[in-house]
Amino acid sequence: MDRSGSHVAETAFKSLARHVQDTEAYTIIEETLKMICKVIVVNPLDLMCNCYGSHVLRSLLCLCKGVPLDSPEFHGAKGSKVLAEWLNLKVSHLDGNDSQHLQQGFPSLLKFLVSGMMNCTKEDMKTLQVDQYSSLVLQTALKLLAGNDQELLHIIPVLLGCNKENLAEGKFIDMIIAGETVESMKEPAFSHLMEVILEVAPESLYNNMLTKLLKNSLFELSSHPCGNFVVQALISHARTKDQMELIWEELGLKFADLLGMGRSGVIASLIAACQRLQTHEYKCCEALATAVGSKNETSKFIVPRILFLDSYFSYDDKSSWSWPGGAKMHVMGSLILQAIFKFQSEWIQPYILSVTSMDAEHVLEAAQDARGARVIEAFLASDASTKQKRRLVVKLRGHFGELAMNLSGSFTVERCFNAGNLSLREAIASELLAVRTELSKTKQGPHLLRTLDIDRYATKPDQWRSKQASKQSAYNEFFVAFGSSESKSTKSNKLLYNASMDTSEHEELNIKKDIDGSLISTSVVDDTSSEKKGRKKRKRDVASEDAVGSNRAIEKAVKNFLSSSTPDKKRHNASNQRLKI
């Protein structure tokens, strides 16, 4: 617990960690750690609540588990990874405790240390709940025990203040202290602890917390600066449609209130959970549109208002609000719109109408802002019609070279290129050609120039046009025969942009790559062979050459499509694909 001594203790743990894999040293290290743990569990309270002791104790817990001692995610840090997981953008980093980074640990010592700390501090749990440093220790212990339901079913009720009698009767939640516990969730330390509890809790315990502890308190907590993060965690880790139904009953009609209070994270979590569990999807889209407008207004204002959430909701006369030029776009507003554009086009028509109705200068400003650019890319990757997408792309005409010079803008340019017809693609290519020298010196430039085949456009524009036409023709022919994810979603009216939809898009992208790759490789082989062999130039009909390339591309794409369509492969893809961040 000494400022300098704590560094000595942590260095000692790091030294031991380097020798854990040594089988001869393992027993000696285990005995050493066992003696340390025995000393700690006698009186862990002071150590847990001490600034330096807390950090040392967290390092000891990590050593017992076999994870890196300096891992920020196990030291209580909550960064962009957690937000990505809450919004379906990333698989939970606690699934299996990131097994690729695990080394040999001491599981029995971890259990002994955690249970010892819990048993010795039961009477002081109220203090531990709201203390910054003890909360960090408890968060680390819970994260390291993720997946160990038996231990968690014993520890979590104790953390929530459940007494021995209730535990003996199998009651996880003590209804007498429920109100007091909910009030404690408004404290920063306990708020962070509750987020982790909801993340790692076994399903039966999660359901108990929702129905007996948090029910009828969700809006109250959502309104609080700290408590709203507990609600976000609750929503993001809902397991079933029935659980989401209970949550929706309390928050479904509160979109406008929550956005007005600056609680956009709760709304984003609701939308993401509805996507993941395939429930209340249309209601989500409708509730959000209603929250940022009125029935008397047109849909064109929806997207701009969400892009500038804080600006809009802080404006006194909302009916006269206008685009705040030069202002930064709202991070959570951008994430909400990205999620919205992953729904079926039938449910998001007001949003599609709004984004395609934006003025050209506003579209350009959005594309120049990293947050706005992500929204444009999400729209161009959505289930909207090709005609609607091109209506937006043409508004950026004359600015593609400027956008390509920016790292985030380069992704937007590539999306626009893929969404455009031949004339739009040529317009983009000509603009990039004008800045090719400067663009090639940037980090993203070489990739973009290569992907859009700008060198060929510069030297052989007719061949470039023919290649682009062949690519599109091959792609169209393939999906005439096998269908696209877009047509399937329209026919079934069920397809969601969750893990399975991401798999469809992933396969579709691979097909495009196969077609593009086959056409490019055909051209390269032909060009190289003619140069190497020194044969006299043969006159070839470009159209017929491209037709051959197109057929080869279709054959390859069909082969890959059929080989990847086995039931096992589909199951594997569906279980491993997640939404891109």
With a 4.5 Å limit on heavy-atom distance, are the side chains of [X] and [Y] in contact?
| X | Y | value |
| --- | --- | --- |
| Ser222 | Arg263 | no |
| Val114 | Glu151 | no |
| Lys14 | Leu63 | no |
| Ile155 | Leu138 | no |
| Thr181 | Phe190 | yes |
| Val200 | Leu145 | no |
| Leu307 | Asp369 | no |
| Leu277 | Thr240 | no |

Check for a donor-acceptor pair, side chain of [X] on one end and backbone N or O of [Y] on the other, with a separation under 3.5 Å.
| X | Y | value |
| --- | --- | --- |
| Glu250 | Asn216 | yes |
| Tyr206 | Ile197 | no |
| Arg371 | Gly333 | no |
| Asn50 | Asp46 | no |
| Thr121 | Asp124 | no |
| Ser15 | Thr11 | no |
| Arg415 | Leu380 | no |
| Gln275 | Ala339 | yes |
| Gln129 | Ser135 | no |
| Glu187 | Ser184 | no |

Could you go through the side chain to side chain contact (heavy atoms under 4.5 Å, CB included) check for Leu159 and Met118 one step at a time? CA-CA 8 Å; Leu159 293 177; Met118 291 295 100; 3.8 Å; yes
From [atom1] ([X]) to [atom2] ([Y]), nearest 0.5 Å:
| X | Y | atom1 | atom2 | value |
| --- | --- | --- | --- | --- |
| Leu452 | Leu449 | CG | CG | 8.0 Å |
| His192 | Cys226 | NE2 | SG | 7.0 Å |
| Leu214 | Glu220 | CG | CD | 10.5 Å |
| Leu128 | Leu45 | CG | CG | 5.5 Å |
| Leu205 | Leu198 | CG | CG | 9.0 Å |
| Met125 | Leu160 | CE | CG | 9.5 Å |

Run Asn228 and Gln232 through side chain to side chain donor-acceptor pair (under 3.5 Å) and show every step you take. CA-CA 6 Å; Asn228 82 92; Gln232 289 184 49; 2.8 Å; yes
Verdict with reasoning, Leu153 to Ser204, per side chain to side chain contact (heavy atoms under 4.5 Å, CB included): CA-CA 9 Å; Leu153 285 171; Ser204 58; 4.0 Å; yes
Indicate the atoms forming the closest heavy-atom contact of [X] with [Y], along with that distance.
| X | Y | answer |
| --- | --- | --- |
| Leu144 | Cys62 | CD1-N, 3.8 Å |
| Arg58 | Val137 | CG-CA, 3.9 Å |
| Leu213 | Met185 | CD2-CE, 3.7 Å |
| Met209 | Met194 | SD-CE, 4.4 Å |
| Leu218 | Ile247 | CD1-CA, 4.0 Å |
| Pro202 | Leu152 | CD-CB, 4.1 Å |

Carboxylate-amine/guanidinium contact Lys215 Glu249, below 4.0 Å: no
Salt bridge or not between Lys441 and Glu438? Use side-chain N to carboxylate O under 4.0 Å. no
Determine, step by step, whether Thr211 and Gln243 satisfy the side chain to side chain contact (heavy atoms under 4.5 Å, CB included) criterion, reporting the C-alpha distance in whole Å, the side-chain angles of both residues, the deciding distance to 0.1 Å, and the verdict. CA-CA 9 Å; Thr211 56; Gln243 291 168 351; over 6 Å; no
Please determine whether the number of non-hydrogen atoms from other residues, nucleotides or ligands lying under 6.0 Å from atom NZ of Lys111 exceeds 12. no
Taking atom CZ of Phe106 as the centre, report whether more than 12 heavy atoms of other residues, nucleotides or ligands fall under 6.0 Å from it. yes
Verdict with reasoning, Leu258 to Phe219, per side chain to side chain contact (heavy atoms under 4.5 Å, CB included): CA-CA 9 Å; Leu258 292 169; Phe219 183 68; 3.9 Å; yes
Any donor-acceptor N or O pair under 3.5 Å, side chains [X], [Y]:
| X | Y | value |
| --- | --- | --- |
| His280 | Glu245 | yes |
| Ser6 | Glu10 | no |
| Asn418 | Glu414 | no |

